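All values reported here derive from a predicted model rather than from experimental measurement.
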Amino acid sequence: MLCIEPTPEMLAEWRVIHQKYRDRLTPNRRSGTELIAYLLARYPLTEFKDAYAASIVSDNITENPHSAAKLPAGTLPRPRTFWLENQGTGARFFTDDPIYRDQTRIFVGIDEVTGEFHIEMSHLLWDELFAFRGLDEEDLQNCYLVAEYLACREKQLTFRTASLADLDTLVRTRIEVLRAANSLPEAADLSAVEEASRRYYEKAFTDGSHTALLVFDGEEFVGAGGVSYYQVMPTVHNPTGQKAYIMNMYTAPDHRRRGIAKKVLAMLVDDAHGRGITHITLEATAMGRPLYEAFGFVPMADEMILPETL
């Protein structure tokens, strides 16, 4: 949300971001009706009718050239106004935002025609709606809107350590990774691997030999990664004999190039270092190799593998 006059430094930063990402983004802007449906499905909203409140939403559109240009010729805004209550799923907008912690409700105004919206008393909700709404072709030419969109999308990402409660998600993700890494069709039967993966996670979470991370964009699962810990005989270069093997790195196709895998990788390496383990390896696919090399991983020259013979 831009509330100040941009400085030359801000403009320069936005232009750099725009130059880097504009060709990676495609128009995906949702309508006002979709925004309203999104909010109603997730949060406790109470719609109310008030001419003054509706005029705030309409005036913000008609008096802003960029917003007004999104109105079809001869069409006026159709604003709808709501209160988002401080209860249930809506409570997080109050507890997670110290500025508005003492508020009891948030004003939400959305125009059904343009998808433009007006939020009072919540930066967090504004960011979430802006990220969900997306950008149209015209928006993609605006360096500020692209930079703001990417920043808001980044804020919606949550990274958390998985537990046995996430077993179904972890197993499903593992199968997706294996299909992609081995170019297997959906019809390929991986039921045996699926069951073995389930047993592995059950044991590894119990004995602490595995850390798994899950990534969500809002409520949508978008990525994962894991690191397995094991013990070998101590050596001169690894006196403890403890090793870490990073695996199951995954980012949903629609969410790649957002830095998700890079952050997951850093978190897994930190987890290993937190255990005092410095011998960390991984198996690199062609897609993942540039990321791993940029992070500092190098090819291993002193190990060999016996091809499967059974």
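The shortest side-chain heavy-atom distance between Ile106 and Phe94 falls under the 4.5 Å cut-off. Side-chain contact check for Met247 versus Arg174: some heavy-atom pair is nearer than 4.5 Å. The shortest side-chain heavy-atom distance between Leu282 and Phe295 does not fall under the 4.5 Å cut-off. Using a 4.5 Å cut-off on side-chain heavy atoms (C-beta onward), Cys143 and Ile17 make no contact. At a threshold of 4.5 Å between non-hydrogen side-chain atoms, the residues Ser58 and Asp111 do not count as touching. Thr161 is listed as a side-chain neighbour of Leu213, based on a closest heavy-atom distance under 4.5 Å. Using a 4.5 Å heavy-atom threshold, the side chains of Lys263 and Leu157 count as separate. In this structure, His255 and Val215 have side chains that are not in contact, with every pair of non-hydrogen atoms separated by 4.5 Å or more.
Classification of Glu116 and Arg133 as a salt-bridged pair holds, one side-chain N sitting under 4.0 Å from a carboxylate O. With respect to Asp168 and Arg172, no salt bridge is recorded, no charged nitrogen being found less than 4.0 Å from a carboxylate O.
A donor-acceptor contact under 3.5 angstrom links the side chains of His66 and Asp139, judged on distance only. For Asp271 and Tyr229, the side-chain atoms include at least one donor-acceptor pair closer than 3.5 Å.
Within 6.0 Å of atom CD in Glu47, more than 12 heavy atoms from other residues, nucleotides or ligands are found, so the atom counts as buried in its surroundings.
Here the options are Leu178, Thr173, Leu170, the test is side-chain contact (heavy atoms from CB on, under 4.5 Å), and the partner is Asn248; only Thr173 passes.
To the nearest 0.5 Å, the span separating CD1 on Ile246 from OG1 on Thr281 amounts to 8.0 Å. Taken to the nearest 0.5 Å, the CD1 atom of Ile277 stands 10.0 Å off from the OH atom of Tyr230. The line from CG of Leu124 to CZ of Arg92 is 7.0 Å long, rounded to the nearest 0.5 Å. Interatomic distance, CG of Leu150 versus CH2 of Trp14, reported as 13.5 Å (0.5 Å rounding). To the nearest 0.5 Å, atoms CZ (Arg258) and CD (Glu154) are separated by 6.5 Å.
Residues that satisfy the side-chain hydrogen bond (donor to acceptor under 3.5 Å, both in side chains) test with Thr240, not counting sequence neighbours, are Asn238.
Cation-pi geometry between Arg30 and Phe132 is satisfied (NZ or CZ under 6.0 Å from the ring centre, within 45° of the ring normal).
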